[in-house]
Amino acid sequence: MDISPLRRHCISPPPPRPLSALPRLSVSLRRSPWLASSFLSIHRRRNLCCASSSSETLVEEGRRHGEAIVSKKGDEEFGDLKSWMHRNGLPPCKVMLKERPSHDKKHSPIHYVAASEDLQAGDVAFSVPNSLVVTLERVLGNETIAELLATNKLSELACLALYLMYEKKQGKKSFWYPYIRELDRQRGRGQMAVESPLLWSESELDYLTGSPTKAEALERAEGIKREYNELDTVWFMAGSLFQQYPYDIPTEAFPFEIFKQAFVAVQSCVVHLQKVSLARRFALVPLGPPLLAYRSNCKAMLTAVDGAVQLVVDRAYKAGESIVVWCGPQPNSKLLINYGFVDEDNAYDRLVVEAALNTDDPQYQDKRMVAQRNGKLSIQTFHVYAGKEREAILDMLPYLRLGYVSDPSEMQSVISSQGPICLEILSYDDALRTSSSLSLSLSLRTCVLVRQSALLNFMLQVSPCMERAVLDQLADYFKSRLARYPTTLSEDESLLADPTLNPKKRVATQLVRSEKKMLTACLQAAVDLIDQLPDHTVSPCPAPYAPIFK
């Protein structure tokens, strides 16, 4: 099998060959997958010869389906992805490819990697040689340039996407044709057969109304646009790409929407390798994601070893069972944007709460200094982890109390305080019980020692009315965030009970439901602390320079 032009800069170089033609593609542009449509050049180059045979093209499954697949003749010629890999150096392994139906019957089934025999924890499921792995070092042909680009204007994902888009122009002449064909089939869909919100329509993004993820998706799309505008930099700097395609300037060859589809598809399958050079840390590994499913409670990872990338399983599998890998400590919002799914058992799921000291406060600079001395910033981000909402509230309270200090003498007391205080008080509850027993009705000294919280190195004189004001502000903040969602938790549950629910709406509803659960738990924690105050009749103190929630 002719594996050029890849080997010119990846493996062992064969004799040079002329640039291949841009294959004619018969696709429906209305809903075609990124790789099947990404090579409709805006400008055909006179220097490129035209494809002369329909056997050199991809054909569509049916115009009404709008999804391109490889012809039966192509399947017979190349076999499946795993067969191609074995022919090109993949050693015997303990996995096979299986398929599950897509949620949308118009689309091809999703392939996935399953155990071909019973496996035990610690078994090597497969070991993919580096000759079958795409990295930035390989794409650009120079590690120095790869590192320069990756740390300057362009992400590794953008470079990898551009490379695959150019490789697709080779059609069946590309060494990577069988792998690209598999990515065509997946269409950038993750294990739930759902595309990233980066490819959703405006009306579909409305499923995420109320969630910060909607703004994150729109911001990420803008970032992809900025990277698209820098693609020509890669082309000019990467000798391998420039020499191979001297007449195809990227931004002229590929429209932005096609590049975005390619970027998202690469994002859904790229692997982050550890303990390798910067130019090799992001890799495209056939048999890796999206053929491998991600799971948050899994510890198995694709690992770089001598000359290969291997997977050692972390649990036992029966023959035929789908194999899973760890997706890293990512919250569900990132899982949805990156891979198109939500993990309802995600121990790393979290919300972000951003608070800031009031810059109009005459004592702002002093408060900023105290916050920095205790490991916090003038604009501070707090992470609320699922199941640990109360701990997050306790972590926020000292910072918020600092913002409420208005008396200059109290501020000086805070500034002069040194080291941890009240080490005998281990919780908010203990502080309240201690203060109550001492009958400190006018001055509630709530020095709270929560382990690993650096901000608790100072103690504030907090009156009951000030503590009530702080907790009321917290409670109002969580109420306002919950009010942004158009549905309630019970309505979300009803939606998810519907087996016919649109897959995109399903994953969006799973996400907003998890966010609402965390916000509701935070609100309940704040209310519980209010209920523990010794005097429930006290009105909150006025707060002219209260901290600001973003």
Side-chain angles (χ1 to χ4, degrees), residues 1-17 20 35 77-97 111 113 124-147 150 156-157 159-184 186 238-241 243-244 266 269-292 301-312 325:
M1 178 180 177
D2 185 1
I3 61 173
S4 60
L6 177 72
R7 294 194 179 219
R8 286 201 293 273
H9 57 277
C10 294
I11 313 175
S12 55
R17 58 177 294 169
S20 67
L35 283 169
E77 180 181 351
F78 291 97
D80 67 11
L81 176 68
K82 188 165 174 283
S83 300
W84 166 74
M85 294 178 69
H86 281 305
R87 290 198 303 271
N88 288 279
L90 177 70
C93 57
K94 300 177 181 179
V95 300
M96 59 183 175
L97 289 181
H111 280 163
V113 170
V124 177
F126 59 75
S127 184
V128 179
N130 285 344
S131 59
L132 292 173
V133 177
V134 184
T135 63
L136 205 61
E137 179 182 14
R138 170 163 294 175
V139 167
L140 300 177
N142 182 295
E143 182 174 352
T144 302
I145 291 178
E147 294 188 0
E156 292 91 339
L157 299 184
C159 297
L160 292 172
L162 180 62
Y163 175 70
L164 284 189
M165 292 170 75
Y166 274 130
E167 277 299 307
K168 182 59 181 288
K169 296 188 85 166
Q170 305 268 353
K172 293 181 181 180
K173 296 177 182 178
S174 169
F175 173 73
W176 298 106
Y177 174 75
Y179 180 44
I180 292 173
R181 182 184 64 181
E182 184 61 45
L183 295 182
D184 259 351
Q186 299 295 122
S240 58
L241 289 178
Q243 293 167 20
Q244 189 170 338
V266 168
C269 58
V270 75
V271 174
H272 191 177
L273 297 176
Q274 305 293 320
K275 299 179 181 179
V276 296
S277 67
L278 182 64
R280 294 181 56 221
R281 65 177 180 174
F282 283 88
L284 299 175
V285 184
L287 294 185
L291 301 176
L292 286 173
M301 298 173 60
L302 286 166
T303 307
V305 295
D306 290 340
V309 175
Q310 73 174 18
L311 174 65
V312 177
V325 293

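All values reported here derive from a predicted model rather than from experimental measurement. Keep in mind that the numbers below use all heavy atoms, side chains included, and drop hydrogens, waters and symmetry copies.
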Just how far is it from atom [atom1] of [X] to atom [atom2] of [Y], taken to the nearest 0.5 Å?
| X | Y | atom1 | atom2 | result |
| --- | --- | --- | --- | --- |
| R281 | T135 | CZ | OG1 | 12.5 Å |
| K94 | F126 | NZ | CZ | 13.0 Å |
| K275 | T303 | NZ | OG1 | 9.0 Å |
| E137 | L278 | CD | CG | 10.5 Å |
| K169 | L164 | NZ | CG | 14.0 Å |
| L132 | H86 | CG | NE2 | 10.5 Å |

[Y] and [X], any side-chain heavy atoms less than 4.5 Å apart:
| X | Y | answer |
| --- | --- | --- |
| L97 | V113 | yes |
| L291 | E182 | yes |
| K82 | C93 | yes |
| L183 | L284 | no |
| N130 | R280 | yes |
| V309 | V271 | no |
| L90 | L287 | yes |

- Taking side-chain contact (heavy atoms from CB on, under 4.5 Å) as the test, write out the residues that go with P91, two or more places apart.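 P129.
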Taking all heavy atoms of [X] and all of [Y], pick out the closest pair and write down the distance.
| X | Y | answer |
| --- | --- | --- |
| V266 | A161 | CG2-CA, 3.8 Å |
| Y177 | G171 | CD1-O, 3.4 Å |
| G288 | L302 | CA-CD1, 4.1 Å |
| Y179 | V285 | OH-N, 4.0 Å |
| A283 | L273 | CB-CD1, 3.8 Å |

So that I know where these two stand, are F175 and W84 an aromatic pair - ring centroids less than 6.0 Å apart?
yes
